[in-house]
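Data block below; observations after.
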Amino acid sequence: MQDQTAVHNSQLQFQQLLEKLPAGAYTCDRDGLITYFNSHATRIWGRAPKLNDPADRFCGSFKLFSSDGIPLAHDQCWMARTLENDQEHNGHEIIIERPDGQRLTVLAHANPVRDETGTLVGAVNVLIDIDERKRAEDLLRDADRSKNEFLATLAHELRNPLAPIRNAVHILHLEAAPSPEVQWALAIIDRQISQMTRLIDDLLDIARITGDKLELRKQQVGVEEVFRAAIETSRPLIDGFGHELIVTLPGQPIYFEGDLTRLAQVVANLLNNAAKYTECGGRIWLTGERQGDDAVITVRDNGIGIPAKMLPCIFEMFTQVDRSLERSPINGAPGGLGIGLTLVRRLVRMHGGTIRARSDGPGKGSEFVVRLPMLVELGQTQLDSSRVDREDKQTPAATSLRILVVDDNHDSAASLDMLLRLTGNEVHVAHDGLEAVGMAHEFRPNLVLLDIGLPQMNGYDVARRIRQQPWGNDVALIALTGWGEEVDRNRSKEAGFDHHLVKPVDPAALLALLNSLQQKDQQSAA
Ligand code: ADP
């Protein structure tokens, strides 16, 4: 009698304990019939199941789904599996649909229950309601997605006004003899546009990275090419601060499988940082060498250095060393968004490489070492490092092409119109797709510079229409657009474009392209 009372008391205590749990708890026997449940379980299920009733085996809820929404039969629930394989199944996410149709996400913890001989006699399941947490996570994910979309749109929209400003500045540069004041003002606008373009490009890249849309266009590239492109980008900043750049190339050419533009972006970003974070008149070393099967690129400066505690985190997004107690910004250098190194590391990793930062502390300079797997080693030619620095900045010769400019942004169209006229071409302008097709028909251009997002008919359709004409295949079609992803390039190729230029187009690069098109035209005519 005493024994029975003791057992009864212990059961009562056990049930009181389960009742107090901030989670749904229930037990079943060897056949899956529910033997006990607490009131929290009823709240989760939305009803009370019948005890020891075969109609309410296992979960007692009407419908059950896996976390990705696939319906689960009740004998597939974790409690059933526990009985089947006599094992614990803890922390599994499932969705319960209550009789009123409401769905809840819960974590299930199913465990075997044994008697005093160790024989399996049932199972206990604890359900933890994580619905609110899931909803908060979904909201966060949605907010993050909206933020990324906003960043991409913002960067894209900010780019548009840059094109006409760039063109206008180029036109002013073409003036016969601008006064020193005008030259000074133009140089400022030039520098600021370059800086703004860099910031906007970084923003776009970050939006691509977070949306997993950054793609590499790989080819065989050499260290020398990468250095040349990077130095061309960073030269104005380095010279602007009066730094000395010391370039050392490997004795033998080193090649990797990589995206030239992106690798140049990596090195240029490191060079720009070296320039920004070094007092005027400093020194920057850019070195390429072979170490085993790796190509190693090092950018070192004798600048303000990086505190040891910041070294592990400077590659994280939006991380900037707090220099509020020091001179900031250094040299009056243009500020950044704290995303340059994040981009750099991501790009290096996408190439199968690593990057490491080193500094002996404030005032002791910094060193960034990029290690990339090498592709092949070619020849024995000794390289002349001064070639890397030589800039090919000749103004392209004038062209005499018949050009149709199509852009719904009137400033963009007008500034391109003037730039192209001033460099010897005959130009017509259209502001929407239909007008463009009609004008192309009448004017018969050699070349069409075509924006993609146009009223009436988009640029792809305009290109297709032109290609359908008997004269349409002789026209060079150049897409001018803010979108430069692989998929955008493929789309314009499919629509019949010969070239795809991303805004803001560098006027000098555009004129060089026109030049090569004209030369090709003349060669085929001859
Ligand atoms: P930012 O746009 O701020 O330059 P980055 O991601 O390129 O962003 O760099 C992150 C931070 O790392 C910078 O704010 C700067 O404090 C530090 N840093 C980067 N390169 C150097 C360098 N060469 N010397 C000193 N500090 C550097």
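Numbers for residues simply follow the sequence, beginning at 1. Heavy atoms only: backbone and side chains are in, while hydrogens, waters and symmetry mates are out. Remember, it's 1-based here, ligands and their atoms both numbered in the order they're listed.
Using modelled atom types, one side-chain atom of Gln518 and one backbone atom of Ser400 make a donor-acceptor pair closer than 3.5 Å. At least one donor-acceptor pair closer than 3.5 Å links the side chain of Asp498 to the backbone N or O of Leu477. Side chain of Glu157 to backbone of Thr153: no donor-acceptor contact under 3.5 angstrom is found.
If you look at Leu341 next to ligand 1, the close heavy atoms, those under 4.0 Å, come from the backbone and the side chain alike.
The existence of a salt bridge linking Asp138 and Arg135 is excluded, since no basic side-chain nitrogen approaches an acidic carboxylate oxygen closer than 4.0 Å. Comment: Asp461 engages Arg464 in a salt bridge, judged by a side-chain N to carboxylate O separation of less than 4.0 angstrom.
Residue contacts with ligand 1 leave out Met310, since none of its heavy atoms falls under 4.0 Å from the ligand. Ligand 1 has at least one atom lying under 4.0 Å from a heavy atom of Phe368.
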Distance-only donor-acceptor pairs under 3.5 Å for side chains of residues 360-374, two or more places apart:
{"residue": "Glu367", "atom": "OE1", "partner": "Arg358", "partner atom": "NE", "Å": "3.3"}
{"residue": "Arg371", "atom": "NH1", "partner": "Gln291", "partner atom": "OE1", "Å": "3.4"}
{"residue": "Arg371", "atom": "NH1", "partner": "Asp294", "partner atom": "OD2", "Å": "3.4"}
{"residue": "Arg371", "atom": "NH2", "partner": "Gln291", "partner atom": "OE1", "Å": "2.7"}

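Those atoms of ligand 1 with a heavy atom of Gly340 less than 4.0 angstrom away are 5 (P), 6 (O), 7 (O). Every atom of ligand 1 is numbered from 1 in the order shown, and the set under 4.0 Å from a heavy atom of Ile314 is 12 (O). Per-residue contacts place Asp301 under 4.0 angstrom from the following atoms of ligand 1 (heavy atoms of the residue considered): 22 (C), 23 (N). Taking every heavy atom of Ile339 and a limit of under 4.0 angstrom, the matching atoms of ligand 1 come to 6 (O), 8 (O).
Residue-to-ligand polar distances keep Thr342 apart from ligand 1: every N/O pair is separated by 3.5 Å or more.
Nearest-heavy-atom check against atom 2 (O) of ligand 1 across Pro307, Gly305, Gly338, Ala274 picks out Gly338.
His92 is linked by a ring-ring contact (aromatic ring centres under 6.0 Å, His included) to Trp78, counting only residues two or more places apart in sequence or in another chain.
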